[in-house]
Amino acid sequence: MTETSSQRASEALGDWRRSHHCSQLRIADVDQEVCLMGWVQFRRDHGGLIFIDLRDLNGRTQVVFNPEINAEAHARAHVLRSEYVLAVQGVVRARPEGMRNAALPTGDVEVEVRAWKLLNSAKTPPFPIEERVEVTESTRLEYRYLDLRRPQCTRNMIVRHKATQSFRDFLNREGFLELETPILTKSTPEGARDFLVPSRLNPGAFYALPQSPQLFKQLFMVAGMDRYYQVVRCFRDEDLRADRQPEFTQIDLELSFADQDQVMELAEEMIRHVFKETLDVALPNPFPRLTHAQAMRDYGVDKPDIRFDLLLHDVTDIVAGSQFKLFAAAKLVKALVLPQGAGLSRNDIDQLTEFVKIYGAQGLAWIKIKADEWQSPIAKFLSPEERAGLTAALGLREGDIVFFQAAAPEIVNAALGNLRLELAERFGLVDQTRFQPVWITDFPLLEHDPDAQRWVARHHPFTSPQDGHDEIMVKRPGEALAKAYDLCLNGYEVGGGSVRIHSAALQEQMFAALGISEQEARGQFGFLLKALEFGAPPHAGIAFGLDRLVMLMTGSASIRDVIAFPKTQKASCLMTQAPSPVSTVQLRELGMKLREAVK
RNA sequence: GGGGCCGUAGUUAAGCUGGUUAUAACGCCGGCCUGUCACGUCGGAGGGCGCGGGUUCAAGUCCCGUCGGCCCCGCCA
C-alpha cells in the first residue's frame, strides 16, 4: 500500500501552543477555547461525525470533528489513523446527556474541533498501543519506544521518577551531598565479573565499569564529605534473571561517624518516606528484624518473604535414632507443614518433588495426617515416640501434610525454603497487596569457597567484623559475624550495607584472613589502605536497588518492566542490536585482535 | 556450564496420532454511516509455518543442528 502525500504530511507547529494536557479538561472548563496535542488513540469515523481519542502521557480526551462546525476540518480528518500526531484547536463542550463516559476522567466533556494540524503521520504500529498486553515481550522490546507509550509502561516510568525524587528529597533534607564517582575505573578481583573497557592511550590496559561505587564512597568519607549519596548505575557481567540486569541503578549512600543502628534507622525512615510519597503506602514502623541465623532457621533463605508463615522446623533431634536411615544419618532434618494439605494428589506431590530437585534435593519425604493413620511411604519407619515428638513439635492436626528434607544443611534449607515459596504461590497464601519489609542482620563475615579453597568475604572485604570478632575472624573464620545488614521486601533483597573498616591495620588483617598477600592488597587496594592511614572517620552505608524497589511498587513481574531500555536474558538490546561487532580498525586502535574462534 | 517452556499472517493464538487451496480473532485496506467511546456494518488483501539439513510418496506436524525469547540452577562480594 503506497502512502499518499497527505498521509505522510507533517505540518509545522507554527505559533500553536498547547493549552492543556489530554487528562485535564473537566465540566468546569466548558466553553473555553483550548489547544490539545497528542496521538490518535482510537478513531471512530461515522462518516458524518468523527470522534478521535487524543492521547498524551497523562491521559486522553475525546475530540469531535463536525462538518456543521467546520466542513473543511471534518473532511480532512478522514485520513486520520492510529498514532498520527495531532494538534487541535477547539471549544470544550459538555457531552450530551447519556453520552458521557464514566470510565474516563475527561469523560464528561469533549473538544469541538475548529481547526487542526497533522503534526505527523505514523506507520501502522506493530502492536496496538493499549493497556492490555497481547504482545510477546521481544516484540515490545524491539519497538520499546512504542511499548513505552502504553499506559502501564508510562505509569511505571512515572512511579520510578517519583520514587527517585523522593529518595533525593529525603537525603537532601538529611544533609547528604549528591556526588558522582567514575564510570571508568579499576578492575578488582573480588566480587562479580567486571565489564572491561580497553584503553586506547594505554594499550593492553583496561578500565572496569563499577560494580558499585564502594571504594569511592569510602574515600568521600575520608575526604570529609560527611554524608554522600548517588543515584548510580552499576554494572555486573553475570547471568541475568527476572530481577537482575547487567546494568542497574542503586541509591547509594554513606555516612561518617555512624554505626549500624544509625544507618538502619535512617534507611528505614527513608524507605517509609519513599513509599508514602510515591504510593501513599504506610510501611510498618519500625521494620521487623531477623538475624541471618534466624532467617535461615525459620525460612531457609536469607531474603525471607514474611507475609505468610509456613515456617521450617528443625526435627533432627526427634528423628536422630529413627529406623528410617535417611533421617538418622542426615546432618540436618527439617519439616514444613502445609495445613490442610492432605488433599494433595500423588501428581501434586510428584511435581513438588521435581521442584525441590532443582535445589539439589534427592527427593521429598511426606506424611499426610489422616484421621486413622499417617499416610506416607515412610510412616512404617516411625516409632510412636517419633510420631509423638513430631506431632508436638510441628503442631500437627488432622488434614495436614508435612514435607521433610534430610541432607546437608545448604540443600535442606534451599529445598524447603523454596518449597515454602512454591506452596504459598500455588495455594494463594500471599497477600499480594501487602508490602512487608524485614531487616536481616548478623551475617557471617566470611564464607568458605570450596573451589578456591579459601575464605572469601560474604558482603565485601571492607566490611567490619562485629566488636570482638576480629580475633574470631583469624581463629575460627566461619564463626565471625559482620556488621552487615540487608533489607528484604516481599522476598526480594532490595538493599544491603555495612559498617566499614576504617582502620588500616584491621583492613590489612582482613586481607590476611582472605589469603590476600600484602603485596596483592597493595596492588589492588593500595589507594584505599593509604587513605585509611590519613585519619579515616568511622563510616557506614547502604545501597538500595532502585529497579527492584520500583518493580515491587508497580507490581511488575520483572525489573525489565521498570527499566526504560532493558536487555534480554542474553544481555542484548533488541532495539539497538547491541552488543555488535566492531571494525578491525577500531580494534587496532585499541591494540586488540580477535581470536580466530570468536570471529 | 546445565534444566524447562516457546518461535505459524502486522499482532495474539488454533492446527490431534504427518495427507486436498494453513484456520480464527484483532489489526490493515476500500464502501456505507451525525453521538460513538475496544463504534457499527458490508466487502477485500496479507503468511507457507525462525533458519539449515534429514526421514518420507508426502513435513508447522517426526529427527538432527542452529538462531532467538522467557523461567530457573550454577553464577551474582
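Letters go in sequence order (proteins before strands), and every chain restarts at 1. Here the structure is a predicted model, which is why all the values come from computation and not from measurement.
- In this structure, A/Glu83 pairs ionically with A/Arg149, as a charged nitrogen and a carboxylate oxygen lie closer than 4.0 Å.
- Nearest nucleotide to the A/Ser82 side chain, out of B/C37, B/U34, B/C28: B/C28.
- Within the structure, a side-chain polar atom (N or O) of A/Arg560 is placed less than 4.0 Å from OP1 or OP2 of B/C71.
- If you take CD of A/Glu425 and P of B/C72, they are 12 Å apart, rounded to a whole angstrom.
- Classified by its glycosidic torsion, B/G74 falls in the anti category, the angle being over 90° from 0.
- Remark: B/G68 base-pairs with B/C6. Criterion, Watson-Crick or G-U wobble with two distances under 3.5 Å.
- The A/Phe42 side chain lies nearest to B/C39 when the options are B/C39, B/C28, B/U12.
- Rounding to whole angstrom units, CG of residue A/Leu240 and C1' of B/G68 are separated by 15 Å.
- For the C1' atoms, the distance from B/G15 to B/C62 is 16 Å, rounded to whole Å.
- Comparing B/A22 with B/C63, their C1' atoms are spaced 23 Å from each other, to the whole Å.
- Using a 4.0 Å heavy-atom distance criterion, A/Thr463 is classed as making no nucleic acid contact.
- Checked by distance alone, A/Glu110 brings a side-chain donor or acceptor within 3.5 Å of a matching partner on the base of B/G35.
- Side chain of A/Trp116 to backbone of A/Ala73: a donor-acceptor contact under 3.5 angstrom is found.
- Residue ring and base: A/Phe127 does not count as stacked with B/U11 (centre distance below 5.5 Å and interplanar angle below 30° not both satisfied).
- In a base pair of the Watson-Crick type (N1 to N3 plus N6-O4 or O6-N4) or a G-U wobble (N1-O2 and O6-N3), with each distance short of 3.5 Å, B/U61 is matched with no nucleotide.
- No engagement by A/Asp237 is indicated, since no non-hydrogen atom pair under 4.0 Å with the nucleic acid exists.
- When each of B/G74, B/C71, B/C37 is scored by its nearest atom to the side-chain atoms of A/Arg44, the top-ranked nucleotide is B/C37.
- The nucleotide B/G44 finds its pairing partner in B/C28, both defining distances of the Watson-Crick or G-U wobble pair being shorter than 3.5 Å.
- Counting only heavy atoms from C-beta on, A/Arg244 has its side chain closest to B/C75 among B/U11, B/C75, B/C71.
- Of the candidate nucleotides B/C72, B/U12, B/G35, B/U12 has the atom nearest to the side chain of A/Thr136.
- The side chain of A/Ala192 lies closest to B/C76 when the candidates are B/C33, B/C76, B/G68.
- If you check every strand for non-hydrogen atoms under 4.0 Å, A/Arg95 touches a base.
- Nearest-nucleotide mapping onto RNA chain B: of A/Arg193 and A/Ile358, the residue sitting toward the 5' end is A/Ile358.
- Checking A/Ala457 against A/Glu134, the closest nucleotide of RNA chain B that is more toward the 5' end is the one next to A/Glu134.
- Nearest to the side chain of A/Pro67, among B/U34, B/C29, B/A13, sits B/U34.
- With salt bridges taken as basic N to acidic carboxylate O contacts below 4.0 Å, none links A/Glu247 and A/Arg236.
- Nucleotide B/U36 forms no Watson-Crick or G-U wobble pair with any nucleotide shown, as no partner meets the under 3.5 Å limit on both distances.
- Contacts of A/Arg140 with the nucleic acid, taken as non-hydrogen atoms under 4.0 Å apart, are absent.
- Residue A/Glu422 is out of contact with every strand shown, counting any heavy-atom pair closer than 4.0 Å.
- Counting only heavy atoms from C-beta on, A/Phe51 has its side chain closest to B/U36 among B/U11, B/C73, B/U36.
- Rounded to an integer number of Å, the gap from A/His46 NE2 to B/U41 C1' is 12 Å.
- Among the atoms of the strands shown, base atoms are found under 4.0 Å from some heavy atom of A/Glu68.
- A/Leu364 contributes atom CG, which lies 6.0 Å from atom CG of A/Leu419 (distance to the nearest 0.5 angstrom).
- One finds a salt bridge joining A/Asp53 and A/Arg60 here, because a Lys/Arg side-chain nitrogen approaches an Asp/Glu carboxylate oxygen to under 4.0 Å.
- B/C71 atom P lies 9 Å from atom CZ of A/Arg241, rounded to whole Å.
- Using a cutoff of 4.0 Å between basic side-chain nitrogens and carboxylate oxygens, A/Asp252 and A/Lys217 are scored as salt-bridged.
- Residue A/Lys570 has its side chain nearest to B/G69 when only B/G35, B/G27, B/G69 are considered.
- Classification of B/G43 as anti follows from a glycosidic angle more than 90° from 0.
- Rounded to whole Å, atom P of B/C76 lies 11 Å from atom CD of A/Glu190.
- Between the CG atom of A/Asp239 and the C1' atom of B/G3 there is a distance of 14 Å, given to the nearest Å.
- Salt bridge annotation for A/Arg93-A/Glu112: present, with a cationic side-chain nitrogen under 4.0 angstrom from a carboxylate oxygen.
- Contact annotation for A/Pro126: backbone-only contact, meaning every heavy-atom pair under 4.0 Å involves sugar-phosphate atoms and none involves a base.
- Using a 4.0 Å cut-off between charged side-chain N and carboxylate O, A/Arg140 and A/Glu137 make no salt bridge.
- Listed pair A/Ser572 / B/G69 meets the phosphate criterion, a side-chain N or O lying under 4.0 Å from OP1 or OP2.
- Annotation: A/Phe462 is in aromatic contact with A/Phe525 [ring centroid separation under 6.0 Å].
- Glycosidic conformation of B/G46: syn, with the torsion inside 90° of 0.
- Atom name C1', nucleotides B/C75 and B/G18: the rounded distance is 43 Å, in whole Å.
- The distance between atom CZ of A/Arg81 and atom P of B/G10, rounded to the nearest whole Å, is 19 Å.
- In this structure, the CG atom of A/Asp194 is 14 Å from the C1' atom of B/C75, given to the nearest Å.
- OP1 or OP2 of B/C71 lies within a sub-4.0 Å distance of a side-chain N or O belonging to A/Gln569.
- Side-chain N/O atoms of A/Asp53 and base N/O atoms of B/C37 include no donor-acceptor pair closer than 3.5 Å.
- Across the strands present, B/U20 finds no partner; the criterion is a Watson-Crick or G-U wobble pair with both atom distances under 3.5 angstrom.
- Residue A/Val135 is in sugar-phosphate contact alone, with no base atom involved, counting any heavy-atom pair closer than 4.0 Å across all strands shown.
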